[in-house]
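Order of the sequence lines sets the chain letters (A, B, ...), proteins ahead of strands, with each chain counted from 1. The figures here come from the full heavy-atom set of this structure, side chains too, leaving out hydrogens, waters and symmetry mates.
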Amino acid sequence: MATDLKNTIQLPKTDFAMRANLVKREPERIAHWEKLDLYAAIQKKRAGAPAFVLHDGPPFTNGDVHIGTALNKVLKDIVNRYKSMRGFRTPFVPGWDCHGLPIEQKVTAQLRAENKTVSTAEMRALCGEFSEKWIAHQTKQFKRVGVLADWASEYKTKAPAFEADIIRTFAAFVEKGLVYRSKKPVYWSIPFETALAEAEIEYKDHVSPAIWVKFPVPTGEAHKYDLPADKPLSVVIWTTTPWTIPANLAIAVNPDVEYVVADLGEERIVVAELLLPSVLAAARIETAPVIDKKLTGAALEKLAPRHPFIDRTAPVVLADYVTTESGTGCVHTAPGHGAEDYLTGLKYSLPIYCPVADDGKYIDDGQIPADLVGLATLETVEDLAAKRTSPANIAVLKKLDASGALLAKAKYTHSYPHCWRSKTPIIFRAVDQWFVSLDNKVLGIRLGEEEPMTTPITPRKEALWSIQQVAWVPPSGEKRITGAVESRPDWCISRQRSWGVPIIAFYDDKKNPYLDAGVIRAVAEKIEKHGTNYWYDATPAQILEGVALPATWPAADALACGRDTLDVWIDSGSSHAAVLKRGQGGTQWPADLYLEGSDQHRGWFQSSLWTSVAAYGAAPYKRVLTHGFIVGADGKKISKSGQYEKPPTSDNYIAQYGADVIRLLFASQNFTEDLRVSNLDTDLKNPASILNVVAEAYRLFRNTFRYQLSNLFDYDHARDAVPYSKMDTLDRWALHQTAALIRECTAAYDAYEFHRVYQLCNQFCSVTLSAVYHDILKDRLYTHATNSPQRRSSQTAIHEIFHTLAKLLAPVLAFTTDEAWSFATAKNEYIDGDSIHLRDWPVAPAEWTDATLEADIAALLKTRAAVTEAIEPLRAAGKIGKSLDAVITLNAAAGAPERALYEKHRDFLPELFIVSQVEIADAPGAPAIEVSLASERGLHRCPRCWRSVPALHATPHGDVCPRCAEALQAFQVDK
RNA sequence: GGGCUCAUAGCUCAGUUGGUUAGAGCACGCGCUUGAUAAGCGCGGGGUCGAUGGUUCAAGUCCAUCUGGGCCCA
């Protein structure tokens, strides 16, 4: 009997599985998309539509896709999918950053391990292969997280055409007269014998020998400055780099600081007054010295103490950066070995002296003492492991000690720049480099103005102007890049290495450089044709054959090709020219959007800005969006957060959760700040871990789709749809909520606030649908006659809501929404090659919005909450299980506003409350809501719909309620 | 050390121009249901809004300092 009745109920039915099994299903969907060529299909659909160009910042091609890299690409994918559904043509050309030291270093290490030496061209080929291998890996990994892109049009910075464009970017700098050659201290990696970019430096603690060194003041000098001369007098400096003492050319003091001449008994020293106690402490002098004289730093200018062991003076110079925070207030100055020292050296016309060779060892220049020549200035990896300081430091210490100049020494731990790859400390070393001046005034051309500007402007000012034309999201990004652009020194663009794009400069036999924009452009043409190795394989005469040389140049056969390469930031910074300007893959310049991590303010956003401003007089982007970094559950950077057994690669997370859960995670948090991710191994079993909570939210969405699909099993939209005007109240309310959801989600997507989409959809599914709408609907859908208008009305609404919700979530849940879509469309509407990603963004018909209805139901839902609360004590007492076993009495005085509301929706209330009966009464003094048991009210429970009614009707299926009897009749007819 | 930035329940987010007992979802606890069932429903506990000081009749919301985190720089 019961079984019989159950067969007359329209229970939900679908093949859309409750269990996601994403790890298995997603790769199948990727295969499906590739078979469809979904990317091409989307482009075809939007051909001719206004373009929205998100220009991809190229990831570096030397390892697996990290979860942070996945974040970046997924955010781009979400944007592209959304914009495309909104009707834009969204060409997305992915890029790869191929050149650079890390790859060269790995290849070099490999060659060393194999004990091989190769030519530059061979080395470059190996680096190219290395890069290519990782491009293949990363492509797979990006596809696995669901990134949809024009992989066939991808750009690689190592492609000859791209390299030619990098060279042309360089030509633009040369053309503007911004490129100059200068000796300047640069970060120098000793193991790699190369200058390093700022981005290639990392700061780590380093234990240095701190030394206090006496620079003796000759008696004559002392007299000139009216300093006591009856005892030895010296100026004491403090340094943590003893190896730079041989390069000392001056001592800097702050003109405004008070200095003292202190009598130590046997001798006198000059130091800053405030630092005297610390100097005495370092020298272990306990007796208080006599202060013979006080004077400001300015009074010491040009005093000429002697170098402690080299026959020259170390004149006192003035510098504002000298502080009394540490040291002696007298700063050892070596213009060839420090940025500030260099500037001071220029100011006082000191030589930019650097007696250290490329390998970091002292050279024999006639000044360096013979016992120092050939000693290494800074520590090797082995030295660091053994915790010993460098040979040069030791030797200098010995020399100072022998000459009696060493006042004190100590170990000093401080943050010191290290080469990011070799992990060894770097040195500052003055070498010849190419620079781009950012402060030369040149005539620029501003975008939209055909004539060159008549007032010369510096690239820096031009860049700052361009920044203001761009929309920065979040707005703080503008401050950040402005700060970076304002404070950046001239751009050192040359590197001494192999795996990069060569600087097209020539040198005569006296090493004089020759640089010309026309020549560079001509060579770029040849490189575009022959590849960059042409520069390394061909002779200068071949390279310059057919190229018109400037009159001042020697003949081609008297020239040699330079071996410097360009800073890799010029590579990626040229992508807008190499890709967008050429319309690669249907793109266009400028980009509508750049979207990268916030570290790129000083990186790609900036390098792209400089190249674009130099060449085109404007930024290459209209809008720049930045995201934060992935951090651990404790908010600390992922490398320092918890224990990771597995590397935090995109693949490892996907293997555990599936791509859609990872995508949902990225969308669930405000990405302009840091994103927290639980530790893959340690948090896996914690139900409250961030990823598990997101996985739970994923299940909510999936189940929502499943409920909707399963209840549409017998619904044919063309046949069964109910027009809005004839729809049931509750269904119209659901559509009102859906319209609001569309509005709010669209606004959130437009503001790039995906976490709001997540929150909105989450609450819509759990509160609006699951707890209210879907729960109430079960009765209609299951028990009403198949074709009852109310059932069809609800199905129509569900159909609409499914379409809407699936589309709203499609940019994020790219896999699951498309999977659900295939189940929805398979029966009636499925067209071969369909995909939710080919559909248009949902638009709510105006009629869906009904403020009066919304207000009514909102009020009734409050009553509903009170009703469920009132039922709860009965449930706790074991008197009631299902709410359908309850009869509710609502007490409201005639004339009270709620009374009118109750009356208005009287018939609908049992359904809304999911109870068997609702009575409206006015019993003075009674509670607003009274609950009684249906059984005690003489009602009979219908075995089919479980509602209690006054009387049951006999049918061939047994006794049921009148409504079910009617439904069964229809059921019989259908059968 | 400097620039930018963040800090609201266990987690992720809301909290309009300062104004009643600070909200939501999830998680957690307890029940119900067994016709969304490796599902669904209800009820409940949980926050000195990072800390301190200040402005104000009134501060999560404004100001200052500090603490902790992140990115970038030194």
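Under the 3.5 Å distance criterion, with hydrogens and angles disregarded, no donor-acceptor pair is assigned to the side chains of A:T626 and A:Q600. Counting only N and O atoms by type, the side chains of A:D341 and A:T333 include no donor and acceptor under 3.5 Å apart.
At least one donor-acceptor pair under 3.5 Å links the side chain of A:T244 to the backbone N or O of A:T241. Side-chain atoms of A:S710 do not come within 3.5 Å of backbone N or O of A:P12 as any donor-acceptor pair. The main-chain N or O of A:Y707 is found under 3.5 Å from a side-chain atom of A:N711 such that the two form a donor-acceptor pair.
For A:S770, whose side chain is taken as the heavy atoms from C-beta onward, the closest listed nucleotide among B:rA36, B:rU12, B:rC26 is B:rA36. Looking at the side chain of A:E696, the nearest of the listed nucleotides B:rA38, B:rC26, B:rU5 is B:rC26. The side chain of A:N670 approaches B:rC13 more closely than any other nucleotide in the set B:rC13, B:rC4, B:rA27. Checking B:rU5, B:rA36, B:rC72 against every side-chain atom of A:R602, the shortest atom distance belongs to B:rC72.
If you check every strand for non-hydrogen atoms under 4.0 Å, A:V767 touches sugar and phosphate atoms only. If you check every strand for non-hydrogen atoms under 4.0 Å, A:N711 touches nothing. Among the protein residues, A:H601 comes within range of no part of the nucleic acid, since none of its heavy atoms lies under 4.0 Å from any strand. Within the nucleic acid shown, A:R702 has no heavy atom closer than 4.0 Å to any nucleic acid atom. Base contact: A:Q763 has a heavy atom under 4.0 Å from a base atom. Residue A:S710 is out of contact with every strand shown, counting any heavy-atom pair closer than 4.0 Å.
For the OP1/OP2 pair of B:rG3 and a distance below 4.0 Å, the side-chain nitrogens and oxygens of A:R480 include no atom meeting the criterion. Using a 4.0 Å cut-off, some side-chain N or O of A:Y782 falls inside it from OP1 or OP2 of B:rA36. A sub-4.0 Å separation between OP1 or OP2 of B:rC11 and a side-chain N or O of A:Y758 is absent. For the pair A:S678 and B:rC11, the criterion of a side-chain N or O lying under 4.0 Å from OP1 or OP2 is not met. Using a 4.0 Å cut-off, no side-chain N or O of A:K636 falls inside it from OP1 or OP2 of B:rG70. Contact between the side-chain N/O atoms of A:K637 and the OP1/OP2 oxygens of B:rG69 is not found at any separation under 4.0 Å. An OP1 or OP2 oxygen of B:rA14 is reached within less than 4.0 angstrom by a side-chain nitrogen or oxygen of A:H755.
Going from the P atom of B:rU55 to that of B:rA64 covers 15 Å, rounded to whole Å. The separation of B:rA9 from B:rU61, taken at their P atoms, amounts to 14 Å, rounded to a whole angstrom. For the P atoms, the distance linking B:rC26 with B:rU67 amounts to 39 Å, nearest Å. B:rA7 sits 14 Å from B:rC13 when the C1' atoms are compared, rounded to a whole Å. Only the P atoms considered, B:rU65 is 23 Å distant from B:rA58, to the nearest whole Å. B:rG70 and B:rG31 are spaced 43 Å apart, taking the P atom of each and rounding to whole Å. Using P as the reference atom, B:rC62 and B:rA14 are 15 Å apart when rounded to the nearest Å. Going from the P atom of B:rC30 to that of B:rG45 covers 15 Å, rounded to whole Å.
Rounded to whole Å, atom P of B:rU8 lies 9 Å from atom CD of A:E673. Remark: P of B:rC13 and CG of A:L665 are 10 Å apart, rounded to the nearest angstrom. Going from atom CG of A:D775 over to atom P of B:rA36 covers 9 Å, rounded to whole Å. Distance CG (A:N692) to C1' (B:rC26): 12 Å, rounded to an integer number of Å. B:rC13 atom P lies 5 Å from atom CD of A:Q669, rounded to whole Å. The distance from atom OH of A:Y707 to atom C1' of B:rA36 is 7 Å, rounded to the nearest whole Å. Rounded to whole Å, atom P of B:rA39 lies 18 Å from atom CZ of A:F705. One atom, CZ of A:R706, and another, P of B:rA39, lie 11 Å apart when rounded to the nearest Å.
Remark: A:R963 does not engage A:E966 in a salt bridge, criterion side-chain N to carboxylate O under 4.0 Å. Residues A:K879 and A:D885 are not paired through a salt bridge, judged by the lack of any N-O separation under 4.0 Å between the basic side chain and the carboxylate. A salt bridge links A:K778 to A:D775: at least one charged side-chain nitrogen sits closer than 4.0 Å to a carboxylate oxygen.
Each of A:T783 and A:S487 was matched to the nucleotide of RNA chain B holding its nearest heavy atom; the match closer to the 5' end belongs to A:T783. Judged by closest nucleotide on RNA chain B, A:F671 is the one of A:F671 and A:P943 placed further toward the 5' end.
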A:T768 and A:W733: CA distance, side-chain angles, deciding distance, side-chain contact (heavy atoms from CB on, under 4.5 Å) verdict:
CA-CA 10 Å; A:T768 307; A:W733 171 78; 3.8 Å; yes
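Here the CD1-CG distance, from A:I914 to A:L777, works out to 9.5 Å after rounding to the nearest 0.5 Å.
The aromatic rings of A:F605 and A:H601 sit perpendicular, their planes meeting at an angle over 60°, well past the 30° parallel limit. Ring planes of A:F754 and A:Y749: tilted class, angle from 30 to 60°. Taking the six-membered ring where tryptophan is involved, the planes of A:H799 and A:Y715 are tilted, since the angle between them lies from 30° to 60°.
With hydrogens and angles ignored, no donor-acceptor pair under 3.5 angstrom links the side chain of A:R756 to the base of B:rC13. Evaluation of atom-type donor-acceptor distances gives a pair under 3.5 Å for the side chain of A:R19 against the base of B:rA38. The base of B:rA36 lies outside donor-acceptor range of the side chain of A:T704, with no N or O pair under 3.5 Å.
Counting only Watson-Crick or G-U wobble pairs whose defining distances are both under 3.5 Å, the stems of 3 or more consecutive pairs in RNA chain B are B:1-7 with B:67-73, B:10-13 with B:23-26, B:28-32 with B:40-44, B:50-54 with B:62-66.
An aromatic stack links A:W946 and the base of B:rG35, using centre distance under 5.5 Å and interplanar angle under 30°.
Proximity of residues 874-885 of chain A to RNA chain B (heavy atom under 4.0 angstrom from any strand atom) is restricted to A:R875, A:G881, A:K882.
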